[in-house]
Protein chains: 2
Amino acid sequence: MTSESQELKDAGLKITLPRVKILQILESSPAHHLSAEDVYKQLLKNEEEIGIGTVYRVLTQFEDAGLVKRHHFEGGHSVFEIAKTDHHDHMVCVKCGRVEEFADEGIERRQQEIADSFGFQLTDHNLNMYGLCPRCR
Amino acid sequence: MTSESQELKDAGLKITLPRVKILQILESSPAHHLSAEDVYKQLLKNEEEIGIGTVYRVLTQFEDAGLVKRHHFEGGHSVFEIAKTDHHDHMVCVKCGRVEEFADEGIERRQQEIADSFGFQLTDHNLNMYGLCPRCR
DNA sequence: CTAGTTGCAAATCATTTGCACTTGC
DNA sequence: GCAAGTGCAAATGATTTGCAACTAG
């Protein structure tokens, strides 16, 4: 059994061809953040007969199962990212769409302090920065 | 001249009925963050003959003019907020929806340093924290 | 076998746009 | 008066869904 199949099984999902293929794409893509359309295009390139509707369905199931994380960046469409990495934040190029990931201990700590000062019990947080990347500026 | 008219004038926008009405709604609404649909519904309630297309056009103009700030929250649609206050971030209660605004000079500075280290020229950034507020926890 | 899954196309939702008709200045 | 602004409806782009055919267990 492939590692993808095992992951699906562990997540409680039936092992089907679309799910395995989409999981492979998410895991093997050099870009960490893919839109549903990106995944679909990659499937077409691999000559898989999988509809865009199925791509959305599978990605949503993966999200529910905790296999991927969905982000709503500015600019209209959602992007999906494999959820096995540690917490990190994002810096998005508004021109070419490139996404850089970073984590900063100081910011994390300060966020917690601020939440504490308001009496908030944090469940999640995200910091997104937008701008021009070195290549686009 | 009403204060709304003056604000439009200052922003370099022609004073038209849709713009004045929409600005009034944004300023008088108890909720700080409104979707285009929210604004449209409020206009209908006030029996104004303003189309949803115009609402989107006006909100986009307001954004360009710096009168409002657009946020992309989870769930697909954008929300708009009057931009009279300085930059701040948001802490949202996932239970009651309450939104606390805060600004932290240390975090702001650190964000800029991180962007610099990546060679990014920032145009915008936002930090959203989610959790339970004191009343809900 | 049969409940879950998929492909496809049609439907939906948020948002944008083309165009003929107003309106602000 | 005329460019800018608006209403409306049709177009768009992203995502969802209904349904008959298909497949994993």
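Letters go in sequence order (proteins before strands), and every chain restarts at 1. Values below: all heavy atoms of this structure, side chains included; hydrogens, waters and symmetry mates excluded. Since the structure is predicted, the reported quantities are computational estimates derived from the model, not experimental observations.
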Whole angstrom is fine here: how far is it from [atom1] in [X] over to [atom2] in [N]?
X: B:F62; N: D:dT6; atom1: CZ; atom2: C1'; answer: 14 Å
X: B:I52; N: C:dA14; atom1: CD1; atom2: P; answer: 9 Å
X: A:H77; N: D:dT15; atom1: NE2; atom2: P; answer: 7 Å
X: B:L59; N: D:dG5; atom1: CG; atom2: C1'; answer: 15 Å
X: B:K9; N: D:dG5; atom1: NZ; atom2: C1'; answer: 18 Å
X: B:K21; N: D:dG5; atom1: NZ; atom2: C1'; answer: 17 Å
X: B:L43; N: D:dC8; atom1: CG; atom2: P; answer: 13 Å
X: B:H72; N: C:dA14; atom1: NE2; atom2: P; answer: 14 Å

Grab the N/O contacts between the protein and nucleotides 5-8 of chain C below 3.5 Å, and write none if there aren't any.
unit_1	atom_1	unit_2	atom_2	d
C:dT5	OP1	A:R19	NH1	2.9
C:dT5	OP1	A:R19	NH2	2.9
C:dT6	OP1	A:T16	OG1	2.6
C:dG7	OP1	A:E49	O	2.5
C:dG7	OP2	A:G51	N	3.3
C:dG7	OP2	A:T54	OG1	2.6
C:dG7	N7	A:R57	NH2	2.9
C:dG7	O6	A:R57	NH1	3.4
C:dG7	O6	A:R57	NH2	3.4
C:dC8	N4	A:R57	NH2	3.4

In plain terms, say whether A:K69 and A:E81 are close enough for a salt bridge, that is, a side-chain N and a carboxylate O under 4.0 Å apart.
-> no

Give a yes or no answer on whether the side chain of B:D38 reaches the backbone of B:S35 with a donor-acceptor pair at less than 3.5 Å.
-> yes

Would you mind writing out the side-chain donor-acceptor pairs for residues 17-26 of chain B within the sub-3.5 Å range, not counting sequence neighbours?
unit_1	atom_1	unit_2	atom_2	d
B:R19	NE	B:Q61	OE1	3.2
B:R19	NH1	B:K14	O	3.0
B:R19	NH2	B:Q61	OE1	3.2

Please tabulate, one pair per line, all N/O donor-acceptor pairs under 3.5 Å involving side-chain atoms of residues 40-51 of chain B, not counting sequence neighbours.
unit_1	atom_1	unit_2	atom_2	d
B:Q42	NE2	B:N46	OD1	3.3

Quick one: is C:dT15 close enough that its OP1 or OP2 comes under 4.0 Å of any side-chain N or O from B:Y56?
-> yes

What does A:S78 touch in the nucleic acid at a heavy-atom separation under 4.0 angstrom: a base, only the sugar-phosphate, or nothing?
-> sugar-phosphate

Report the C-alpha distance between A:R98 and A:E100 in whole Å, list the side-chain angles of each, state the deciding distance to 0.1 Å, and finish with yes or no for salt bridge (Lys or Arg N to Asp or Glu O under 4.0 Å).
-> CA-CA 7 Å; A:R98 193 147 64 98; A:E100 295 285 358; 2.9 Å; yes

In terms of side-chain heavy atoms, does B:H125 have a donor or acceptor partner in B:E108 at a distance below 3.5 Å?
-> yes

